[in-house]
There are 2 protein chains.
Amino acid sequence: MTTKEPVLARARGQTLTGKIETALRLRILSGDLPPGAKLSLDRLKNEYSVSLSALREAVTRLASDGLLEVEEQRGYRVAPISLDNLAEVTRLRMELEPLALRQAIANGGIDWETDVMAALYRLNRTGRDPKDQESLEVWEAAHNAFHLTLIDRCDMPLLLRMCGQLSEMYNRYRHLFLSIKGEQRDLAAEHTEIAESAVARDADRAAALLRAHIEKTGAALKARLEAALPGQER
Amino acid sequence: MTTKEPVLARARGQTLTGKIETALRLRILSGDLPPGAKLSLDRLKNEYSVSLSALREAVTRLASDGLLEVEEQRGYRVAPISLDNLAEVTRLRMELEPLALRQAIANGGIDWETDVMAALYRLNRTGRDPKDQESLEVWEAAHNAFHLTLIDRCDMPLLLRMCGQLSEMYNRYRHLFLSIKGEQRDLAAEHTEIAESAVARDADRAAALLRAHIEKTGAALKARLEAALPGQER
DNA sequence: TCATAAAAACAAATCGATTTTTCTTCCACT
DNA sequence: AGTGGAAGAAAAATCGATTTGTTTTTATGA
């Protein structure tokens, strides 16, 4: 549970609704609002000191991003998690991100190549200290930026939006279930290979590597989730 | 421009917001609210005799479905159309629907087969009379139902939502630019082939046929759109 | 004791009015 | 004439209160 004033004040230049949306989004992605939890609009309204109208619009937007589920006349709840859902998100990312990457390789020029290598450099130079919450956030930001930079030049707004939403759901699972300790992979090597194939215009190889990268992360998450949700059937 | 009372009264059991959403959605898809048009919330509020809160939530939902675009502090406008957008929608449908179809073929049993053949039968028995607006609507409903039935059993809610949104955008282009007169294709034969391959569990063939089917429609629409938007560059 | 139904409590949906922001017009000044 | 900017108008965002619908509780009859 976070305090309210700082969170709302931080995001400037936006509309109030946008600020609340951002604040709630962070709480959902971080697990502060756990999967399946019912949202009391009344309570949130007081917590953030806003009117129902603003709050209502914020949760409507979050629902459309798949972070909340809405039952008419019965309120909102945080989107539940499940093995099925994780499998679908993984599967769709495996299809869509390589598609976007191929297009980006076709469209991108020297600027794009530069951006990719820059994002890779920053990511590989960013350390993760399991004990330091802030370093984890910085690493995640760099990781997200790297994946986005790879595909950003695909020039397909709808596809980018889909990939963005899927990544967001993915990050929630990662926050909830993936501690760094268990990681046995050389992530840096994987990222570097992907970036270098992409910049070298080897679309087939880059797409295959990206697909495998997503699949591996998905498998790791699945293992953790299975351990955390014992007895639940597919 | 439609009258208000009947439209809102027709959709029962829903929340008021839901009714407005449905009414506006129809007007956008039919072209009654043309691409790029600015929405005056004030005018719509009076037109439908509802409060701003309800209307606001309705347009927020439509925006999240990609039918409206929102600029903060500056209002909503109907999503514009373009060759680029049409190309992206076509491309994504070509990727996603076959993916869903393969999964449906893997998952579906005798019930699914039956549903597919039933939807095919209804579609092929539904005539289109260019002069009769109602017959066009009936045909379109049958057509949508057929495509949805094909992939419904993929058991991937996120994927189905994406396909649904893309189809919706597609149907808008069809309404705006595709008269039946120019159609030189044997649509019934295409649909029949797809359905029969699917039911016969020939996933590769069914997916390829569906992909080609979408591509052909996309090409036809592109030609019409190019004719209608002269001088506009890709 | 259980089932049923009325009623009280609670929460979501809607409303009308107010505040804030953006857009437009018009005037002063160079 | 052209630029800058202030005043007014229009539109979006927000608010607090009311209405409508859902859930829970309690009382009644079999």
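Source: prediction; values computed, not measured.
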Item to check | Residues Lys222(B) and Glu226(B) bridged, charged N to O under 4.0 Å | outcome: yes
Checklist entry - Quick one: on DNA chain D, does Leu41(B) or Ser53(B) contact a more 5' nucleotide (nearest heavy atom)? => result Leu41(B)
Item to check | Rounded distance in Å - CG (Asp42(B)) to P (dT18(C)) | outcome: 15 Å
Checklist entry - Looking for any heavy atom pair under 4.0 Å, which part of the strands does Thr17(A) touch: base, sugar-phosphate only, or nothing? => result sugar-phosphate
Checklist entry - Does the side chain of Arg74(A) get closer than 4.0 angstrom to OP1 or OP2 of dA11(C) through an N or O atom? => result no
Item to check | Presence of salt bridge, Arg61(A) and Glu72(B), under 4.0 angstrom | outcome: yes
Next on the checklist: Taking only side-chain N and O atoms of Thr15(A), does any of them lie within less than 4.0 angstrom of OP1 or OP2 on dA12(D)?
Outcome noted: no
Checklist entry - Taking only N and O in the side chain of Ser51(B), is any of them less than 4.0 Å away from OP1 or OP2 of dC15(C)? => result yes
Checklist entry - What's the NZ-P distance between Lys45(B) and dA17(C), to the nearest Å? => result 9 Å
Item to check | Integer-rounded Å distance: dT14(D) C1' and Glu21(A) CD | outcome: 16 Å
Checklist entry - In whole angstrom, what separates Glu57(B)'s CD from dC15(D)'s C1'? => result 16 Å
Checklist entry - Mind checking whether His143(B) and His147(B) have parallel, tilted or perpendicular rings, split at 30° and 60°? => result perpendicular
Checklist entry - When all nucleic acid strands are considered with a 4.0 Å heavy-atom cut-off, which category describes Leu39(A): base, sugar-phosphate, or nothing? => result sugar-phosphate
Item to check | Among dC15(D), dT21(C), dT14(C), the one nearest Leu16(A) by side-chain distance | outcome: dC15(D)
Next on the checklist: Do Cys154(A) and Leu160(A) make a side-chain contact, defined as non-hydrogen atoms from C-beta onward lying under 4.5 Å apart?
Outcome noted: yes
Checklist entry - Side chain of Asp115(B), backbone of Thr149(B): donor and acceptor closer than 3.5 Å? => result no
Checklist entry - Quick one: Tyr76(B) OH to dA11(D) P, roughly how many Å, whole number? => result 16 Å
Next on the checklist: Measure CG/Leu55(B) against C1'/dA11(D) and give the value in whole Å, please.
Outcome noted: 13 Å
Checklist entry - How long is the line joining CD1 of Ile20(A) and C1' of dT14(D), in whole Å? => result 10 Å
Next on the checklist: Students often get this wrong, so: under 4.0 angstrom with heavy atoms, is Lys38(A) touching a base, only sugar-phosphate, or nothing?
Outcome noted: sugar-phosphate
Item to check | Distance, rounded to the nearest Å, where Lys19(B) contributes NZ and dT20(D) contributes P | outcome: 12 Å
